[in-house]
There are 2 protein chains.
Amino acid sequence: MRLTANRIAGILRENGYKLTPQRHIVLKVIASSNDLLTPDSILEKSRQEDPSLGRVTVYRTLEVLNKLSLVCKVHSEGRCGSYMMKRPTEHHHHLVCSGCGKAVDITNCSLIDIEKKLSQESGFEIKGHLLEFYGLCHDCVENTPTIHSNKGGTSR
Amino acid sequence: MRLTANRIAGILRENGYKLTPQRHIVLKVIASSNDLLTPDSILEKSRQEDPSLGRVTVYRTLEVLNKLSLVCKVHSEGRCGSYMMKRPTEHHHHLVCSGCGKAVDITNCSLIDIEKKLSQESGFEIKGHLLEFYGLCHDCVENTPTIHSNKGGTSR
DNA sequence: CTCTAATAGATACTTCATTTCAGTTGTAAT
DNA sequence: ATTACAACTGAAATGAAGTATCTATTAGAG
């Protein structure tokens, strides 16, 4: 089951948020993409429909959507703070293409068991984990793309 | 085996980098901490020893250390781009305290096997993964701290 | 000691995000 | 429909984090 922009619009209203034309545009942009989107690319796409739409509105809408757990905030390679529509409702992670931003959901996460063991060993009260896989999708392997930057290593 | 500031200084020189007093200070700050440090906190601590030390120098030193794989770049909760000395030389991940930044190394990572399976299923050429656990260390559970910000969820 | 490429810090700039504020609007109640 | 108001919008100012440029300085090889 895929969350459409209209379905999300309903959820917003149910939670006491107003449904403005601007929000509807931003929603549509996010909901209709399979890729990871930066706030800036969301703004750009939204302005194709309403050129006067403000940057602040994008950030505010993302904040609301994040609060309602309707979007996933992803770190990705060299680019933190990108977003995509939440597709599986259960706990999951992502495999993101460093080339084009395409994202695949990974739902079979076995780290919660590991958390328990870690918790005992370390004395930490573990609140959660961050897991992302990154690489190149089939198309980008062939086309050797240069869109997403890939500088600087992360902890691995 | 723990990397000391002096040992790292040697590695720098072996790789053709000069060992300036400023770099030595920055090194000492990172090497003598068990916690995750933001560039800003590294600057602050370094300035306790040399108040004229510049922000740019911190970034440049971190860049060099990262290039030589002497530090780990960690994303952590709501705070990307923090650093800590690399302790195990092999592939590993971190458990980070959202309260005080304390970090524990996790060396038994089984995700590389999963990567292979994922690669076959998705058609992606997987380059790596990002995994971090976060929570509160024993001290911070008791003292209910407020140092590190904890706003906004990440993908989990 | 001398020489030079590497480095430091000052300054300016860029990018990304947040705050503030005055005017506008969705929507629930009349 | 009309009204009333809290929620919302965009412009502009501000802030935070990191980068680029330039000149003076210096680590360290010879």
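Proteins come first, then strands; the chains are lettered A, B, ... in the order of their sequence lines, and each starts at number 1. What's counted below: heavy atoms across the whole structure, side chains too, no hydrogens, waters or symmetry copies.
- For the pair B:Leu62 and B:Ile42, the minimum side-chain heavy-atom distance is below 4.5 Å.
- Taken over five-pair windows at either terminus, the axes of the helix from C:dC1-D:dG30 to C:dT30-D:dA1 are inclined to one another by 40° (rounded to 10 degrees).
- Under the 4.5 Å side-chain criterion, counting only non-hydrogen atoms from C-beta, B:Val58 is not in contact with B:Gln22.
- The shortest side-chain heavy-atom distance between B:Tyr83 and B:Leu65 does not fall under the 4.5 Å cut-off.
- Distance CG (B:Asp50) to P (D:dT26): 12 Å, rounded to an integer number of Å.
- Side-chain contact between B:Leu27 and B:Leu70: absent, with no pair of heavy atoms (C-beta onward) separated by less than 4.5 Å.
- Distance check: B:Arg23 CZ to B:Ser46 OG gives 13.0 Å after rounding to the nearest 0.5 Å.
- As judged by a 4.0 angstrom heavy-atom cut-off over every strand, B:Arg13 is placed among residues touching the sugar-phosphate backbone only.
- Proximity of A:Asp35 to A:Lys102: side-chain heavy atoms (C-beta onward) are separated by under 4.5 Å at one or more points.
- Atom-to-atom, CG of A:Leu62 to P of C:dA17 comes out at 9 Å; the value is rounded to the nearest Å.
- When each of A:Gly54 and B:Gly81 is assigned the nucleotide of DNA chain D with its nearest heavy atom, A:Gly54 is the one assigned upstream, toward the 5' end.
- Here the NE2-CD1 distance, from B:His94 to B:Ile106, works out to 8.5 Å after rounding to the nearest 0.5 Å.
- Annotation: proximity of residues 14-32 of chain B to DNA chain D (heavy atom, distance under 4.0 Å) is found for B:Lys18, B:Leu19, B:Pro21, numbered in ascending order.
- Taking atom CG of A:Asn66 as the reference point, atom C1' of C:dA17 lies 15 Å away to the nearest angstrom.
- Within the 4.5 Å cutoff, the side chain of B:Lys73 has no heavy atoms near those of the B:Val71 side chain.
- Between B:His91 and B:His129, the angle of the ring planes goes over 60°, which puts this pair in the perpendicular group of the 30/60° scheme.
- Here the straight-line distance linking atom CD1 of A:Ile126 with atom CD of A:Gln120 works out to 10.0 Å at 0.5 Å rounding.
- Atom OH of B:Tyr83 and atom P of D:dA17 are 14 Å apart (whole Å).
- Two residues are said to be in side-chain contact when any heavy atoms from C-beta on lie closer than 4.5 Å; A:Asn15 and A:Lys67 fail this criterion.
- Going from atom CD of B:Glu63 over to atom P of D:dA17 covers 19 Å, rounded to whole Å.
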Pick out the pairs of N or O atoms, protein on one side and nucleotides 14-16 of chain C on the other, that lie under 3.5 Å.
none

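- Rounding to whole angstrom units, CZ of residue A:Arg60 and P of C:dT20 are separated by 13 Å.
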